[in-house]
Amino acid sequence: MRYSEMFLPTTKEIPSDAEIVSHQLMLRAGMIRKLAGGIYTYLPLGYRVIKKVENIVREEMNRAGAQELFMPAVQPAELWMESGRWNMYGKELLRVKDRHNRDYCIGPTHEEVITALVRDEIQTYRQLPMNLYQIQTKFRDEIRPRFGVMRSREFGMKDAYSFDADEAGAEKSYRKMFDAYIRIFRRCGLHFRPVEADSGNIGGSFSHEFMVTAESGEDAMVHCTSCDYAANLEKAEVSRPEGKADQAVDFSPIEEVHTPDIRTIEEVCAFLDVKPGDIVKTMIFVGDGKPVAVLVRGDEDVNETKLRNYLGCDSLELAMDDTILEVTGSPRGFAGPIGIKSVIIADYSLIGMGNFVVGANRENYHIKNCNIGRDFEIRNYADLRIVKEGDLCPRCGKELKIARGIEVGHVFKLGMKYSKSMNATFLDSDGKEKYMIMGCYGIGIGRTAAACIEQSRDGDGIIWPMPIAPFQVIITPVNINDENLARVAEELYKGFVEEGVEVILDDRNERAGVKFKDADLIGIPIRITVGAKSLAEGKVEVRSRKSGEVEKVSLETVRDFITKTIMEQLSIS
RNA sequence: CGGGGCGUAGCGCAGCUUGGUAGCGCGCCUGCUUUGGGAGCAGGAUGUCGCAGGUUCAAAUCCUGCCGCCCCGACCA
């Protein structure tokens, strides 16, 4: 490619509406342009990167035995009604009507389509296992798209679906995908970590997210400083404290105190001169329509995902004021366990606490020296709180840390959720009809590219790892008007093209500085500078974008030198 | 959906308080000089001031409604 002919609009100025570095750099490097909120065009340079990522994904999926197909983006409502998701999915599902007023949606995912296909075509265990994937444009009408291509409404995704005859097979399929993902993200040059994740209301039992570590990441993940335990914050477990009696103290006489207009933990602490750790928070939730009181120590927070899983309910939300009044008999801010009209469950953090402060279920009153067993009963203790940095690892007991990350991929064991609702069965070797056991596996393509930029860039621009760089080499003749330089650059260029090297020749009539700045901005791993001084010695300069190191290489040996360097940087450890 | 902000040349912004001639930087075009880290000089082009209504002799500026975009929050297979 010749730079002079390429549609590559780079900018010096930072676009004002781009929040994170990858978004800014993708705009500045002429990779993307916005069409509407959360909807982007990939320009030629950006699309080259996308195709690189897609091809890595494709190679590794094929290697793992998955087969590529291509499903429709537009899907009929009937399928979604079958799985029950037409009503469950909510506003994120973009619904459209055709000319006959029939309902369709733009696919946010493809479980329905693939399950319907496999259900109709696979009859016997002899045809299993099966793993099918596609790379497709999805649409999710996000409430708030942001960070450019990182959280957009329209986006490219690889989604794979496995179908197995039994649990053992499903485990194996899951493991294969897990391993393939590790190869994929390694090849993309990313620093990442697979973390245990909640499987959400997609159902199923097991799930990992692949998180690229980045400060700008939207997700929090927890990892152990000692063993390899790592989990999504939602999922991260807290062990039941050992060696602590449920009640460890002598009971003091219970005492109701007047606390006028004192509601929050901070206010109670200041007013009663206690620490948050001396208080028990009573949170009223409504799960599938029924109120539940959740007790958690004052310095902890309830993890709604854990609570939802514990209760086994579909919907869960904090109670509204009228429900609180109904259950506690008092307005918001004074809820407590004593006399409450609902089930009470307590987080592990309450174990060993005694003589604590709670709300009195009476406006403007709290209770001191409250105790479980004497003053009220709980149904059970459970792990219901959000993990904090410094908590102990549920596996090895060492300290946990929290880091931020970008979710670039996830693997789910779906189980029979869709095969049941959509009746995807097969005839097993024992002659019985059984439901297929499914798994689904996604990778955000654009997000992976953006995550890479977050991790690999400097003040001058992007630093692409060789495997996903839009070009492997850029040739920069310092002055195109110097016929000698222009000729040598041209010959080098043609040589590389013949060799199959992905090369761009910066043949623009620009000053050297401009070309250097652009080359750095768009992040080509290797730059060959053709300048008068070195050329006098029969040499050109080979510069690494990453290290900035420059090596003078003779014209006779550059081709070998470059192809060797590229090969080295393409192979994974 | 709640709160906040923005919409003026391709991009980044000023002008709006206090109504009257639309401006700056970058980019773009022409010429000359320059040519190893975003060049200099000279000349030049470019705007339904987001849209629609209203007030006024007069609206980018004041008022009303709408649309779009950004940030915070709620939401999230």
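Note on naming: letters A, B, ... go to the chains in the order of the sequence lines (proteins, then strands), and numbering restarts at 1 for each one.
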> In whole angstrom, what separates A:L27's CG from B:G10's P?
Replying inline: 17 Å
>> Suppose we define a pair by two distances each less than 3.5 Å, Watson-Crick or G-U wobble; what does B:G73 pair with here?
In response: B:C1
> Watson-Crick or G-U wobble partner for B:C32, using a 3.5 Å limit on both distances?
Replying inline: B:G40
> Is there a donor and acceptor pair closer than 3.5 Å between the side chain of A:E13 and the base of B:G27?
Replying inline: no
> What integer number of Å spans the P atoms of B:C28 and B:G65?
Replying inline: 43 Å
> Distance between the C1' atoms of B:C76 and B:C1, in whole angstroms?
Replying inline: 15 Å
>> For nucleotides 35-47 of chain B, give me one character per nucleotide, 5' to 3': B if any protein heavy atom sits under 4.0 Å from the base, S if the only such contacts are to the sugar-phosphate, - if neither.
In response: BBBBB--------
> Which nucleotide, in any strand shown, forms a Watson-Crick or G-U wobble pair with B:G68, with both distances under 3.5 Å?
Replying inline: B:C6
> Tell me, which pairs form a salt bridge (charged side-chain N to carboxylate O under 4.0 Å, His left out) where one or both residues lie in residues 481-491 of chain A, sequence neighbours left out?
Replying inline: A:R2-A:E490, A:R487-A:E491, A:E490-A:K494
>> For A:E266, give me all partners under side-chain contact (heavy atoms from CB on, under 4.5 Å), at least two apart in sequence or on another chain.
In response: A:T264
>> Between B:C32 and B:U21, how far apart are the two P atoms, rounded to whole Å?
In response: 40 Å
>> Using atom P in both nucleotides, what's the gap between B:C49 and B:C62 to the nearest angstrom?
In response: 15 Å
>> Under 3.5 Å for both donor-acceptor distances, Watson-Crick or wobble: does B:G53 have a partner, and if so which one?
In response: B:C63
> With both distances under 3.5 Å as the test, what is the Watson-Crick or G-U wobble partner of B:G19?
Replying inline: none
> How would you list, by chain and number, every residue that makes a side-chain contact (heavy atoms from CB on, under 4.5 Å) with A:E68, sequence neighbours excluded?
Replying inline: A:R58, A:Y133, A:I135
>> Among residues at least two apart in sequence or on other chains, which ones pass side-chain contact (heavy atoms from CB on, under 4.5 Å) with A:R175?
In response: A:F178, A:D179
>> I'd like the P distance from B:G31 over to B:G23, given in whole Å.
In response: 27 Å
> Considering Watson-Crick and G-U wobble pairs with both distances under 3.5 Å, what does B:G27 pair with?
Replying inline: none
Residues 511-519 of chain A, side-chain donor-acceptor partners within the protein, below 3.5 Å, at least two apart:
from	atom 1	to	atom 2	distance (Å)
A:K515	NZ	A:P477	O	3.0
A:K515	NZ	A:D506	O	3.0
A:K515	NZ	A:R508	O	2.9
A:D518	OD1	A:T10	OG1	2.9
A:D518	OD2	A:R508	NH1	3.2
A:D518	OD2	A:R508	NH2	3.1

> Do the rings of A:Y40 and A:H23 sit parallel, tilted or perpendicular, given the 30° and 60° boundaries?
Replying inline: perpendicular
> Looking only at atom P, what distance separates B:C67 and B:C11, rounded to whole Å?
Replying inline: 23 Å
> Got a sec, which residues hit side chain to side chain donor-acceptor pair (under 3.5 Å) with A:K388, two or more places apart in sequence or on another chain?
Replying inline: A:E300
> Taking protein heavy atoms under 4.0 Å as touching, what does nucleotides 66-75 of chain B look like 5' to 3' if B marks base contact, S marks sugar-phosphate-only contact and - marks none?
Replying inline: ---SSSB-BB
>> When the P atoms of B:U48 and B:G44 are compared, how many Å lie between them, rounded to an integer?
In response: 22 Å
> Once the angle between the rings of A:Y47 and A:Y42 is folded into 0 to 90°, is it parallel (under 30°), tilted (30 to 60°) or perpendicular (over 60°)?
Replying inline: tilted
For residues 526-539 of chain A, dump all side-chain donor-acceptor pairs below 3.5 Å to protein atoms at least two apart in sequence or in another chain.
from	atom 1	to	atom 2	distance (Å)
A:R527	NE	A:T529	OG1	3.2
A:S534	OG	A:E541	OE2	2.7

> What is the distance, rounded to the nearest whole Å, between atom CD of A:Q24 and atom C1' of B:G12?
Replying inline: 13 Å
>> For A:R543 versus A:D520, what's the shortest heavy-atom pair and its separation?
In response: NH1-OD1, 3.6 Å
> What distance, rounded to whole Å, do you find between the two P atoms, one in B:G50 and one in B:G7?
Replying inline: 8 Å
